[in-house]
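One structure below.
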Amino acid sequence: MTADHVEESRGPRPERILGIETSCDETAVGVVEDGTVVRSSVVASQVDLHARFGGVVPEIASRAHLELVNPVIAEALVEAGAEIGDLSAVAACCGPGLAGSLLVGVSAAKAIALVAGIPYVGVNHLEAHLYAAFCEEPDLEPPLAVLLVSGGHTMIVSMEGHGRYRLLGQTVDDAAGEAFDKVARLLGLGYPGGPAIDRVATVGNPEAVNFPRPMLDEGYDFSFSGLKTAVATYLRREPDAEVADVAASFQDAVVDVCITKLLRAAAAVEAKTVVIGGGVAANSRLRTRLLDEVEADGRRAFLPSPSLCTDNGAMIAAAAWWRLRSDGPTPLDGGAYPGLRLPTVD
Ligand code: KG4
Ligand code: ZN
């Protein structure tokens, strides 16, 4: 049997893409085959570096990315059992995010592309969060109603096809994750606030305080800044309130609004399946309630694993695979775009 025959009997060689994510405070790299098979996903968190400042310090973040990016790339390759020569393309998140942080990932990816002679793909962070779901469920069929809830964004999107998104609604002020982080600070739970609230809320009573559900009856837009103020006002009035009860009640207010609007969107665009993405999509209460309530609504919910919801490199590689097919490689003079938006149709 000739070498060609061996290759043929094994099937075509998978397209292996390395994805780099450095938009905020995680240095993350993943290797994904054919847009769907995660071979590795390594995340080096900078939480410890930023915790004492109560939030991400951009200058510290970019310096840390610089130190971490090469070791994390090396680890992701080892975990995937791959070498740079096995890659068919290399991708990096090119926005939105912190300028200095984005530049580290973008520059690292371009360097690999040049050395290995492979295409570079600049990936939109928000699109990557949508594609996390395809890493675990490649056969998801659009139209999908998607709730994207992260530290910087909160939006409901109708995914009409690959790369084709209709923005149905978004936050008019704070993002959901931002609200979690700010309320956690009010409750003395530290940073990052989302996971801390999630943890403490498991022993709290979600009905203890009836916090407002902002814009619940109005379309698809969100507003979380008033809810955060309501928690602050409540804590001033009731300084001895049980932290777990306040956390659980706040969390349920956010979850109520998110699920109501997502289901409203799913009905409007006749999506049989709903999907979530972004760091807040790792929230355990959101996940449990969503599964129940979406099923009761006669639809299916697909929830990516929590580690694929929070920032990671695998989602960048997955989105890059689809973008490479539709748009081809990104020119090497492509930059980093801190204010990049999700490309939507009107
Ligand atoms: O997507 P992500 O990792 O980074 C951004 O793109 O912003 O999201 C980070 C946000 C933070 O606000 C964090 O507090 C929140 O996601 N988050 C959570 C949970 N895990 C992370 N919020 C609620 N519950 C969680 N379990
Ligand atoms: Zn994110």
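Counting convention: from 1, in listed order, for ligands and their atoms alike.
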Checklist entry - Can you list every pair that meets ring pair (Phe, Tyr, Trp, His ring centres under 6.0 Å) and has a residue in residues 165-186, with sequence neighbours left out? => result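 Checked against ring pair (Phe, Tyr, Trp, His ring centres under 6.0 Å) - neighbours excluded - the pairs reaching residues 165-186 are F180-F250.
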Would you call [X] and [Y] a salt bridge, taking side-chain N to carboxylate O under 4.0 Å as the test?
{"X": "D174", "Y": "K228", "result": "yes"}
{"X": "R300", "Y": "E137", "result": "yes"}
{"X": "R39", "Y": "E79", "result": "no"}
{"X": "R323", "Y": "E127", "result": "yes"}

Checklist entry - Just wondering, more than 12 heavy atoms not from E295 lying within 6.0 Å of its CD? => result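 No - once you tally the heavy atoms of other residues, nucleotides and ligands closer than 6.0 Å, there are 12 at most.
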Item to check | Per-ligand residue contacts, ligand 1, heavy-atom threshold under 4.0 Å | outcome: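 Residues within 4.0 Å of ligand 1: H125, H129, S150, G151, G152, G177, F180, D181, G194, P195, D198, G278, G279, V280, A282, N283, T310, D311.
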Next on the checklist: My understanding is that only residues two or more places apart in sequence, or in another chain, count here; which of them pass salt bridge (charged side-chain N to carboxylate O under 4.0 Å, His left out) with D256?
Outcome noted: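 Listed in chain order: R213, R289.
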Checklist entry - Which residues and atoms, counting only protein N, O or S, are under 2.8 Å from the Zn ion (ligand 2)? => result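 As for protein N, O or S atoms lying under 2.8 Å from the Zn ion (ligand 2), they are H125 NE2, H129 NE2, D311 OD1.
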Checklist entry - Taking H65 as the fixed residue, which of L103, T27, L98 is the one that meets the side-chain contact (heavy atoms from CB on, under 4.5 Å) rule? => result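 One option only clears the test, and that one is T27.
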Next on the checklist: Students often mix this up, so state it plainly: with edges at 30° and 60°, are the rings of H125 and H129 parallel, tilted or perpendicular?
Outcome noted: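 Because their plane-to-plane angle is over 60°, the rings of H125 and H129 count as perpendicular.
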